[in-house]
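Notes to accompany the following structure.
Just so it is clear, the structure is predicted and the values come from calculations on it, not from any experiment.
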Amino acid sequence: MILETEGCSNDRKWVVRNLIELRYKLELLKENENQSIQKQENEIIRNGHHFVLTKTQLGTSKSQLKRCDMCCGYVTVLGLVMPWYECSDCRYVVHVKCVSATRRTCVFVKAGEQPDYELNICPEITLLEQKYKCFECRAPIIYTLPVSTTTSSSGSMSCLSSNCLNNTDNVWANPRLCDYDGRHYCVSCHWQDEAIIPARVVLHWDFTRYPVSRASAQLLRIMQNRPILNITAINPSLFGFIEELALVMKYREDLLLMKQYLITCRVALEMNLLWNALDKRQNLLIYPSDVFSLKDLIEIKSGTVVTFLESVLNTFRQHIKQDCKVCFGRGYLCELCIGKVVIFPFDENVHVCPVCQTVYHKHCWLHKNVCTKCERINKKRAQIESENCDVMDGEERLVEEAIELDEEF
């Protein structure tokens with residue numbers, strides 16, 4: 001067929017390409033002829049990974065194909081469906097033939113052992129400290145001159161990993177820096193994935209995506225929904241510069257105050273009002289108001305969280321103040337001005353006593369600066385202590401009289 005086509009024509013080009021693809025497909029079949037799905041284990045545990053056997057579907061577009069994290073090849077080539085494993089925890093993908101060579105520890109295990117982010121911005125570790133080796137696979141990385149540019153004064157880094165040398169495009173590739181952990185990787189362990197860096201967010205409010213290694217990308221994806229960023233402890237000044245962040249913290253404080261009403265209301269519990277309204281953002285109600293997940297901060301930047309919380313607060317406020325008489329009956333009347341309007345701790349311009357949690361109008365508190373309930377409690381406590389002292393004194397006198405009578409007898 002090649003000889004029948006015209007030289008240097010498009011027809012000959014596509015016939016030759018088809019021949020090469022068929023030969024390559026034949027080699028893959030020979031390589032995997034003993035690796036049929038029926039002969040493979042359905043589940044394998046290795047380096048903390050929980051590998052589950054699966055396969056791709058025919059007709060999958062190249063943009064949706066998965067690549068082996070070990071050899072960097074696609075799990076489906078030229079329409080050939082090959083068996084492969086994927087970790088159910090971290091989504092680490094590997095060919096059947098590459099399972100035994102898996103080096104990377106499952107990042108899900110790392111996240112469990114050390115559930116914290118690296119909060120230093122790109123703490124770069126030099127190649128000398130890494131002994132000129134890839135941090136993950138330990139393949140040597142050296143600085144040398146490409147053969148094709150020996151006359152040039154500029155050099156490049158070369159990764160001598162066997163996986164890299166199999167790809168001619170990677171022979172003279174530069175070592176790649178992970179912006180999250182600051183370490184250098186070879187091209188097999190760093191695919192130029194981009195991710196939002198938590199340290200840059202909490203310190204600079206920077207949501208730009210930076211290149212990270214495969215392990216860091218998987219780790220950040222797993223920990224993205226975990227509320228472990230205490231902004232008050234890390235960078236409290238951020239609340240003063242980012243209005244949306246301060247507003248969300250105020251809304252969350254109001255949610256925590258409303259929670260005290262809703263968890264004791266029979267009607268709200270029957271309606272499951274509290275959790276249905278929050279849907280997938282229940283962590284906003286469970287954790288302190290200054291603790292966020294990375295995903296929370298991303299959504300705060302986009303403005304979706306503010307709108308969502310305003311809607312939820314309106315729903316809860318409607319139930320407590322208007323729809324439910326029980327919740328409304330747990331409101332407060334300001335004792336400083338003897339007001340007749342019921343107020344709640346989540347209202348605007350109110351002051352909540354930090355000791356007894358009684359609610360007053362803010363202007364009343366600033367004018368008198370005294371909590372009448374605390375005064376009553378202190379007076380009652382002093383009266384009880386005085387009565388106890390009188391009782392103890394009477395008991396001591398009775399004991400002394402008994403001792404005197406005993407001595408006289």
Side-chain angles (χ1 to χ4, degrees), residues 115-121 196-208 220 223-264 268 273-321 327 330-332 343-363 365-366:
D116 295 317
Y117 286 119
E118 172 59 61
L119 294 179
N120 294 316
I121 297 178
I196 296 174
I197 310 301
R200 294 184 181 273
V201 173
V202 297
L203 297 179
H204 293 166
W205 202 244
D206 179 11
F207 290 86
T208 306
L220 291 173
M223 298 184 64
Q224 187 178 33
N225 295 325
R226 299 187 180 185
I228 55 177
L229 293 171
N230 189 329
I231 305 300
T232 301
I234 301 172
N235 185 15
S237 61
L238 197 62
F239 292 109
F241 289 96
I242 310 301
E243 295 181 2
E244 296 85 356
L245 186 64
L247 185 60
V248 169
M249 186 176 71
K250 174 62 172 60
Y251 285 165
R252 292 183 62 183
E253 291 174 352
D254 291 343
L255 276 178
L256 293 174
L257 293 172
M258 293 181 180
K259 177 183 176 181
Q260 300 175 7
Y261 289 82
L262 298 178
I263 61 176
T264 57
L273 179 63
L274 193 63
W275 305 116
N276 287 339
L278 290 171
D279 195 20
K280 297 181 180 180
R281 292 190 174 99
Q282 297 179 5
N283 63 295
L284 297 176
L285 188 63
I286 297 175
Y287 295 92
S289 59
D290 57 351
V291 176
F292 299 85
S293 67
L294 181 60
K295 185 178 180 181
D296 293 334
L297 298 178
I298 295 173
E299 292 179 344
I300 290 173
K301 174 66 174 179
S302 64
T304 58
V305 174
V306 174
T307 305
F308 171 78
L309 287 180
E310 287 176 350
S311 175
V312 172
L313 288 173
N314 290 335
T315 301
F316 290 169
R317 193 176 288 110
Q318 173 78 17
H319 173 83
I320 295 173
K321 288 189 170 184
C327 293
R330 295 177 58 196
Y332 295 83
I343 57 177
F344 296 85
F346 48 82
D347 286 338
E348 297 291 337
N349 298 319
V350 297
H351 174 80
V352 181
C353 177
V355 180
C356 65
Q357 306 302 314
T358 302
V359 183
Y360 302 94
H361 291 123
K362 192 171 185 178
H363 61 273
W365 173 265
L366 294 176

Between Lys301 and Ile196, does a side chain to side chain contact (heavy atoms under 4.5 Å, CB included) hold up when you go through it step by step? CA-CA 12 Å; Lys301 174 66 174 179; Ile196 296 174; over 6 Å; no
Given 3.5 Å as the limit, does a donor-acceptor pair link the side chain of Thr358 with the main chain of Cys353, or not? no
Is there a side-chain contact between Phe308 and Leu278 (heavy atoms, below 4.5 Å)? yes
Within a strict 4.5 Å, meaning less than it, do heavy atoms of the Leu220 and Pro198 side chains meet? yes
Would you mind reporting whether Ile298 and Val201 have side-chain heavy atoms less than 4.5 Å apart? no
Rounded to the nearest 0.5 Å, what separates atom CG in Leu257 from atom CD in Gln357? 8.5 Å
Interatomic distance, Leu309 atom CG to Arg281 atom CZ [nearest 0.5 angstrom]: 7.5 Å
Rounding to 0.5 Å, atoms CG (Asn230) and CG (Asn235) come to a distance of 11.5 Å
Passes side chain to side chain contact (heavy atoms under 4.5 Å, CB included), Val291 versus Leu229? Steps please. CA-CA 5 Å; Val291 176; Leu229 293 171; over 6 Å; no
Given Trp205 and Leu297, is the side chain to side chain contact (heavy atoms under 4.5 Å, CB included) satisfied, shown in steps? CA-CA 9 Å; Trp205 202 244; Leu297 298 178; 4.2 Å; yes
Using distance alone, with no hydrogens and no angle criterion, decide if Asp296 and Ser293 have a side-chain donor and acceptor under 3.5 Å apart. yes
Report the residues that fulfil salt bridge (Lys or Arg N to Asp or Glu O under 4.0 Å) with Lys321, sequence neighbours left out, ordered by chain and then residue number. Asp347
Any side-chain heavy-atom pair of Val202 and Phe292 under 4.5 Å: no
Might you point out which heavy atoms bring His351 and Pro354 nearest each other, and give the distance in Å? NE2-CD, 4.3 Å
CZ/Phe239: more than 12 non-hydrogen atoms of other groups inside 6.0 Å: yes
Can you label the angle between the His363 ring and the His361 ring as parallel, tilted or perpendicular, going by 30° and 60°? parallel
Using a 3.5 Å distance criterion without hydrogens, assess whether the side chain of Thr264 forms a donor-acceptor pair with backbone atoms of Gln260. yes
What closest approach, in Å, do Leu285 and Leu256 show between heavy atoms, and which atom pair accounts for it? O-CD2, 3.2 Å
Using the six-membered ring of Phe344, assess whether NZ or CZ of Arg317 lies under 6.0 Å from its centre and within 45 degrees of the ring axis. no
Can Ile234 and Leu203 be said to form a side chain to side chain contact (heavy atoms under 4.5 Å, CB included), step by step? CA-CA 8 Å; Ile234 301 172; Leu203 297 179; 4.3 Å; yes
Does His204 have more than 12 heavy atoms from other residues, nucleotides or ligands lying within 6.0 Å of its NE2? no
Is a side-chain N or O of Arg252 found less than 3.5 angstrom from the main chain of Tyr287, in a donor-acceptor match? yes
Any side-chain to backbone donor/acceptor pair from Asp206 onto Arg200? Under 3.5 Å, distance only. no
Distance check, rounded to the nearest 0.5 Å: Leu274 atom CG versus Lys259 atom NZ? 7.0 Å
When rounded to the nearest 0.5 angstrom, what is the spacing between CG in Leu247 and CD in Glu310? 6.5 Å
Please report the interatomic distance CE(Met249) to CG(Asp290), rounded to the nearest 0.5 Å. 7.0 Å
For residues Val350 and Tyr332, determine if any side-chain heavy atom of one lies less than 4.5 Å from a side-chain heavy atom of the other. no
With side chains defined as the heavy atoms from C-beta onward, is the minimum distance between Ile121 and Ile197 less than 4.5 Å? no
Answer yes or no: is there a donor N or O on one side and an acceptor on the other, between the side chain of Tyr117 and the main chain of Met223, under 3.5 Å? yes
Contact check, side chains of Tyr261 and Pro345, non-hydrogen atoms, under 4.5 Å: yes
